Amino acid sequence: MTTLDALPLRQELRDRRAYGAPQIATAVKLNTNESPFPPPQALLDAIGESLRAAASDLHRYPDPDAGALRRDLAGYVSQTDGAEVSAQNIWVANGSNEVMQHVLQAFGGPGRSAMGFEPTYSMYRHLTLGTGTRWMAEQRGDDFSLNLIDARRAIVERRPDVVVIANPNSPDGGSVSLEGIETLVTAAPGIVVVDEAYVEFSAQTSATTLVERHPTKLMVSRTLSKAFGMAGIRLGYLVAHPAVVEAMRLVRLPYHLSTFTQAAARAALSHHQRMAETVRLLIAERRRVTQELTSLGFTVAPSDGNFLLFGSFPDAAAAWNRYVDRGVLLRDVGIDGHLRTAIGSPTENDAFLAASSAIRNSVPTRRPGT
Ligand SMILES: *Cc1c(COP(=O)(O)O)cnc(C)c1O
């Protein structure tokens, strides 16, 4: 077998591992923050009809501007965020990860830098590697919160071309206030990307409402992968000034968004009312799981997302295995003593809590700071 070492690989890719969560077939899957609910029948029918209609045009390339989808997304953002947004403010790609890659291709790249506040979504670092952007890691506090004074100072002193803030942040679920975001945007010499993958689960106003005030500096990335329960579609979007959207066109591949992706995403969006109901249920479950974990003696980071970072375990990797033994797949995000769980369906959460109780009673948890 030929190994990677035998290939003339770019120096910075040597000894790297591909991004991805370990996937094991378990009864309860809570490792990648997906929605626990498959699309309901009415939505399945709508997607089926859209795809069938779109299929008659498959001998042609898709609409390169995804005009209809971008209009629908602008309508959704205007309606739910109260931001004034038109199709010209929307960029679309295959998941918000591709959106972020486009942003780095246009505003980062060789000789440029991107700053993030760790622990955070590890794909940011990964994408800087692929785009030849220098990654500037700053640290969050021990409670995973972002200290705005420190963050502002780091931005002013190190002058990154791009600042990336996940809000709510993964893996903990904590948020920066809208005022905090604006403080950092004002301080930044370059652009600030706010990744709002989980915004629908948060009570906070979206940063899309600030884009008009900071047209050349602020952009907000979103996805259908989490609250919409449509991770399989691969649809992410950026809310930004029309000039930024124009910049994205310079780096995208021709016809990057397939006819089927555009059609399915439009069908999914038309059912956003139903999505909002699911989100309310998951928020109620988040509250319940937080309370029960706390009463079992775990510490739980306050979360505005559809997931919880909790601990402390003497050995997170060993605890992760014990959950797998009990049919529950969690995520070991590499934070000492902690694991992350998605909020699942009520039944899945019951199974997770039962496993947590059993594991808690057989392995002593560590007190914070010991
Ligand atoms: C899940 C997640 C995404 C979603 O990425 P897609 O490519 O849209 O599926 C983006 N950002 C963060 C922080 C996430 O956790």
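Remember, predicted model here, so these are calculated numbers, not experimental data. Whatever order the structure lists them in is the order used to number ligands and atoms, beginning at 1.
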Could you tell me whether a side-chain N or O of Ser96 sits under 3.5 Å from a main-chain N or O of Thr223, the two making a donor and an acceptor? no
If you apply the rule ring pair (Phe, Tyr, Trp, His ring centres under 6.0 Å), what do you find for Phe228 with Tyr76, and how did you get there? CA-CA 12 Å; Phe228 274 92; Tyr76 167 70; 5.3 Å; yes
Should the pair Tyr198 and Phe201 be assigned to parallel (<30°), tilted (30 to 60°) or perpendicular (>60°) ring geometry? tilted
Ligand 1 versus Lys226, non-hydrogen atoms closer than 4.0 Å: side chain, backbone, both, neither? side chain
Glu12 side-chain N/O to Leu129 backbone N/O, donor-acceptor pair under 3.5 Å: no
Testing Arg331, Lys29, Lys226 for salt bridge (charged side-chain N to carboxylate O under 4.0 Å, His left out) with Glu34, which one passes? Lys29
Taking Gly344's backbone N and O only, do any of them form a donor-acceptor pair with Glu348's side chain (distance below 3.5 Å, no angle check)? no
By number and element, which atoms of ligand 1 are closer than 4.0 Å to a non-hydrogen atom of Ser225? 6 (P), 8 (O), 9 (O)
Charged N to carboxylate O under 4.0 angstrom, Arg52 versus Glu49? no
Looking at ligand 1, would Arg234 count as a contact under a 4.0 Å heavy-atom criterion? yes
For atom 15 (O) of ligand 1, what's the nearest protein heavy atom and its distance? Tyr198 OH, 2.5 Å
If you measure from each heavy atom of Asn33 to ligand 1, is any distance below 4.0 Å? no
Quick check on contacts: which atoms of ligand 1 are under 4.0 angstrom from a heavy atom of Ala197? 2 (C), 3 (C), 10 (C), 11 (N), 12 (C), 14 (C)
N/O to N/O below 3.5 Å, does that happen between Ser170 and ligand 1? no
Gly236: heavy atom below 4.0 Å from ligand 1, yes or no? no
Identify the protein heavy atom lying closest to atom 12 (C) of ligand 1, giving its residue, its atom name and the separation to 0.1 Å. Asp195 OD2, 3.5 Å
Nearest protein heavy atom with distance in Å, relative to atom 10 (C) of ligand 1: Ser96 OG, 3.3 Å
